[in-house]
**Q** 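Sending over a structure as structure tokens; questions will come in a sec.
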Amino acid sequence: MLSAAGSTLTSPYSAVSVHHLHGAAARVPVTETAFGNRDPHLMIEIIALWEPGDAYAAGHRAWAADVARALEPDALPGGYPNLLGDDESAQIAHAYGPNAERLQEVKHRYDPDRIFRAIPLPLFS
């Protein structure tokens, strides 16, 4: 699937990146960090980029969505929090795993007005 995704890129700026979480990063106890999955695994980052004004923008988005859908049956629940899109808020609890409650408490204590946020995620509202 990954080679097919790479061979069907719709833009020369798009990419499929594979990150391997293993070694020392996988030996850190899950409760010591924010990220909720410290088991060794691969993370696939699907990047759809194009020039401003590209008339095929919808096609680039469709390519990324198609790749994500094809990988979904083998995907772990959640995702890397910084890579979740604004339509993926249902995955946020899985992304933070057992750390979600602790992180929410810290968020409310240090940022009660929600100044620091990238997207409006329900867990951290």
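Start at 1 with the first residue, then count along the sequence.
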**Q** Which heavy atom in Glu45 sits nearest to a heavy atom in Leu83, and how many Å separate them?
**A**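 That closest heavy-atom pairing would be OE2-CD2, 3.5 Å.
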
**Q** What's the shortest heavy-atom distance between Asn37 and Asp39, and which atoms?
**A**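 Heavy-atom minimum between the residues: OD1-N, 2.9 Å.
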
**Q** So which heavy atom on Ser14 is nearest to which on Ala48, and how close?
**A**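 Nearest pair, atom of Ser14 first, then Ala48: OG-CA, 3.3 Å.
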
**Q** Please name the pair of heavy atoms, one in Arg38 and one in Val28, separated by the smallest distance, quoted to 0.1 Å.
**A**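 Looking at all heavy atoms of both residues, the shortest contact is CG-O, 3.4 Å.
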
**Q** Assess whether side chain to side chain contact (heavy atoms under 4.5 Å, CB included) is satisfied between Ile44 and His19, documenting all intermediate values.
**A** CA-CA 6 Å; Ile44 310 301; His19 306 270; over 6 Å; no

**Q** Return the CD to CZ distance between Gln104 and Arg109, rounded to the nearest 0.5 Å.
**A**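 Reported value, rounded in 0.5 Å steps: 12.5 Å.
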
**Q** Looking at Pro98 and Gly36, what are the two nearest heavy atoms and their distance?
**A**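 Residues Pro98 and Gly36, closest heavy atoms: CD-O, 4.2 Å.
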
**Q** Residues in side-chain contact (heavy atoms from CB on, under 4.5 Å) with Leu49, at least two apart?
**A**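 Partners of Leu49 under the side-chain contact (heavy atoms from CB on, under 4.5 Å) test: Tyr13, Ile47.
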
**Q** Can you hop from Val106 to Phe116 via hydrophobic side chains spaced under 4.5 Å?
**A**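 No: no chain of side-chain contacts under 4.5 Å links Val106 to Phe116.
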
**Q** Of the non-hydrogen atoms in Ile46 and Val67, which two are nearest, and what is the gap between them?
**A**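 Smallest interatomic distance, heavy atoms only, reads CD1-CG1, 3.6 Å.
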
**Q** Ring pair (Phe, Tyr, Trp, His ring centres under 6.0 Å): which pairs involve residues 60-82, sequence neighbours left out?
**A**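 Output for this query lists Phe35-Tyr80, Trp50-His60, Tyr56-His60.
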
**Q** Would you compute the distance between atom CD of Glu32 and atom CZ of Arg27 and round it to the nearest 0.5 angstrom?
**A**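 Answer rounded to 0.5 Å: 15.0 Å.
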
**Q** Is any side-chain heavy atom of Leu76 less than 4.5 Å from a side-chain heavy atom of His41?
**A**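 In contact.
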
**Q** Rounded to the nearest 0.5 Å, what separation is found between the CD atom of Glu101 and the OH atom of Tyr96?
**A**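 Rounded to the nearest 0.5 Å, the CD-OH separation comes out at 15.0 Å.
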
**Q** For Glu72, give me all partners under side chain to side chain donor-acceptor pair (under 3.5 Å), at least two apart in sequence or on another chain.
**A**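 Side chain to side chain donor-acceptor pair (under 3.5 Å) list for Glu72, sorted by chain: empty.
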
